[in-house]
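All remarks here apply to the structure that follows.
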Amino acid sequence: MNDDLARALASGDLKGVIDIYLAAAESKEDEGDVDAACFLLTHAWVHALEAGDSRARDIRARLIARGRENET
């Protein structure tokens, strides 16, 4: 993940950055590590907001569902 993330960040590929964080979050969720998954989802959300990516709303909803963000 780190090498792919570094390449995506260096090239300004925010969609790729979001994809990487989301995949890593899914992996952590599959392992049952909700805290790590939410940490990664938060990074995906920030980059999605920065990029104007339509997935930002869904990512935020996932964070709200896990008690990591407020609905207001």
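These numbers come from a predicted model, not from an experiment.
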Next item on the list: List for me each residue that meets side-chain contact (heavy atoms from CB on, under 4.5 Å) alongside Leu5, sequence neighbours excluded, and say none if there are none.
Entry: Met1, Leu9, Val17, Ile20, Tyr21

Notebook entry, point to check: Judged by atom type as modelled, is there a donor-acceptor pair below 3.5 Å linking the side chain of Arg66 to the main-chain atoms of Arg62?
Noted result: yes

Check: Under a 4.5 Å cut-off applied to non-hydrogen side-chain atoms, are Glu31 and Glu26 in contact?
Finding: no

Checklist line | Counterpart residues, side chain to side chain donor-acceptor pair (under 3.5 Å), relative to Arg57 (two or more places apart) | finding: none

Margin query: Restricting to salt bridge (charged side-chain N to carboxylate O under 4.0 Å, His left out), what partner residues turn up for Asp4, sequence neighbours left out?
Written below: Arg7

Next item on the list: Using a strict 4.0 Å threshold on nitrogen-to-oxygen distance, state whether Asp19 and Lys15 make a salt bridge.
Entry: yes

Next item on the list: State, with a plain yes or no, whether a side-chain heavy atom of Arg55 is found less than 4.5 Å away from one of Leu22.
Entry: yes

Checklist line | Qualifying residues under salt bridge (charged side-chain N to carboxylate O under 4.0 Å, His left out), relative to Glu71, sequence neighbours excluded | finding: none

Item checked: Qualifying residues under salt bridge (charged side-chain N to carboxylate O under 4.0 Å, His left out), relative to Glu69, sequence neighbours excluded -> Arg60

Return a table of donor-acceptor pairs under 3.5 angstrom between the side chains of residues 35-49 and protein atoms on other chains or two or more places apart.
residue	atom	partner	partner atom	Å
Asp35	OD1	Arg68	NH2	2.2
Thr42	OG1	Cys38	O	2.8

Note to self: List the residues meeting side-chain contact (heavy atoms from CB on, under 4.5 Å) with Ala51, not counting sequence neighbours, and say none if there are none.
What the structure shows: Leu14, Ile18, Asp53

Next item on the list: Give me the other members of the hydrophobic cluster that Ile64 sits in, counting Ile, Leu, Val, Met, Phe, Trp and Tyr linked by side-chain heavy atoms under 4.5 Å, directly or via other members.
Entry: none

Note to self: Glu50: which residues meet the salt bridge (charged side-chain N to carboxylate O under 4.0 Å, His left out) condition with it, sequence neighbours left out?
What the structure shows: none

